[in-house]
Amino acid sequence: MSEIKKKRVLSGNRPTGPSHLGHLFGVHDFWVSLQDKYDCFFFIADYHALTTSYDKVEMIQDNIREVTLDLLGAGLDPKKSTIFLQSDIPEVAELNLLISMVTPMGLLERNPTYKAQMQELNIKKPNLGLFQYPVIQTVDIVIYKGEYVPVGKDQLPHVWIAADIAKTFRHRYGDIFPIPEELVGEFPNVPGSDNRKMSKSYGNTIDVRDDEETTFKKIKKFYTDPEKIRIDDPGHPDGCPIFYFHTMVSGKEHCDNVKSECESGKRGCVQCKSEMCENLNNHLKPIRERRTEFARNPDEVDKILLEGGLKAREEAQKTVQAARKAMGLTERSRLIQTPTIKYKFIK
Ligand code: TRP
């Protein structure tokens, strides 16, 4: 029996800071769950980090390392998935230029994420890089022929723009890559300590690399139902971040218990928090241990990115070759070889 070809999944993460539990439960766990069923490509989007942090080059370098460890800690397995660094694939820049020819300015002007970022980061003079953020993202997807793109809710507009651009390209130049579709996981709205969405910019995060004690201290300060002051006050678990965390780490049966006890005033928030936090720390234990293990072996991590990059680049070259051909460009560039610069990659 011939094996059915697995569909391709592709997604990325910007290295703008260490991953927090919103990334882990909202996105990384979801990626890990797709590894067996799909042919997965996951990467660190360092070009995208440069669109806003262009003056923080060293910070990006540090965060590439941290986020790679977060992904491997979460359980991305280089034997199953192709894991690599966006900027290691020069063809991304080449296809970006070609794709820009079929990208209407208006589509980018209407991008809600662009407007939100300009406001949030108080950007007065946006650069072209930030403006074309969704173009680079489109290239990331189509260059590896990504069919499904598992992302957090905040990234949905970018995936829709990518689908739009891919359709326009197909209409003009033929069927070179699939039209991508989004996938959203089970926990897209992980709350932070103030019950807003967990986000570095709100300062309400628990990071994957935090230790158990730090996690406990942070959970202690989490928002709880303001109407529940005494233990026997009935609570409202549905709007409570601690209950949301229970649903991620405590199992269905226990959650049902927590809910009915809370609603009937039989459970206090202090007890509820420490119980949940114990389950949370237990859940994070193997992830944190795996992360620490990889952190002790930087050469192995380098090797994972190098091997992933080789595989990703092979795919990228095929796509760019086809796109150039469809757009009437010559193949001479592939024949013109420059003298090889010798790089020392792995110590
Ligand atoms: N913009 C995404 C984020 O900030 C990262 C990203 C870059 C991405 N390229 C992508 C996600 C392609 C999915 C597909 O999280």
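Just so you know, ligand 1 is whichever comes first in the structure, and atom 1 is the first atom listed for that ligand. In this chain, numbering begins with 1 at the start of the sequence shown. Side chains included, hydrogens not; waters and symmetry mates left out as well; all remaining heavy atoms used.
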Chemist: Does a sphere of radius 6.0 Å around CD in Glu263 hold more than 12 heavy atoms from other residues, nucleotides or ligands, not counting ones at 6.0 Å or beyond?
Modeler: yes
Chemist: Cut-off 3.5 Å, no hydrogens considered: what does the side-chain donor-acceptor table look like for residues 277-289, sequence neighbours left out?
Modeler:
| from | atom 1 | to | atom 2 | distance (Å) |
| --- | --- | --- | --- | --- |
| Asn279 | ND2 | Ser250 | OG | 2.9 |
| Asn281 | OD1 | Arg288 | NH1 | 3.0 |
| Asn281 | ND2 | Glu212 | O | 3.4 |
| Asn282 | ND2 | Glu278 | O | 3.3 |
| Arg288 | NE | Val208 | O | 3.0 |
| Arg288 | NE | Asp210 | O | 2.9 |
| Arg288 | NH2 | Asp210 | O | 3.0 |
| Arg288 | NH2 | Thr215 | OG1 | 2.8 |

Chemist: What residues form a ring pair (Phe, Tyr, Trp, His ring centres under 6.0 Å) with Phe30, not counting sequence neighbours?
Modeler: none
Chemist: How far does OH of Tyr38 sit from CZ of Arg8, to the nearest 0.5 angstrom?
Modeler: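 That separation rounds to 14.0 Å.
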Chemist: Could you list each nitrogen or oxygen of ligand 1 that sits under 3.5 Å from a protein nitrogen or oxygen, with the atom names and the distance?
Modeler:
| from | atom 1 | to | atom 2 | distance (Å) |
| --- | --- | --- | --- | --- |
| ligand 1 | 1 (N) | Tyr133 | OH | 2.7 |
| ligand 1 | 1 (N) | Gln137 | OE1 | 2.9 |
| ligand 1 | 1 (N) | Gln155 | OE1 | 2.9 |
| ligand 1 | 4 (O) | Arg14 | NE | 3.0 |
| ligand 1 | 4 (O) | Tyr133 | OH | 3.1 |
| ligand 1 | 4 (O) | Gln155 | NE2 | 3.3 |
| ligand 1 | 9 (N) | Asp140 | OD2 | 2.7 |

Chemist: Tell me who clusters with Phe216, hydrophobic residues only, linked when side chains sit under 4.5 Å apart either directly or through other members.
Modeler: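 Phe216 clusters with nothing; isolated.
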Chemist: How far does OG1 of Thr51 sit from OH of Tyr114, to the nearest 0.5 angstrom?
Modeler: 10.5 Å
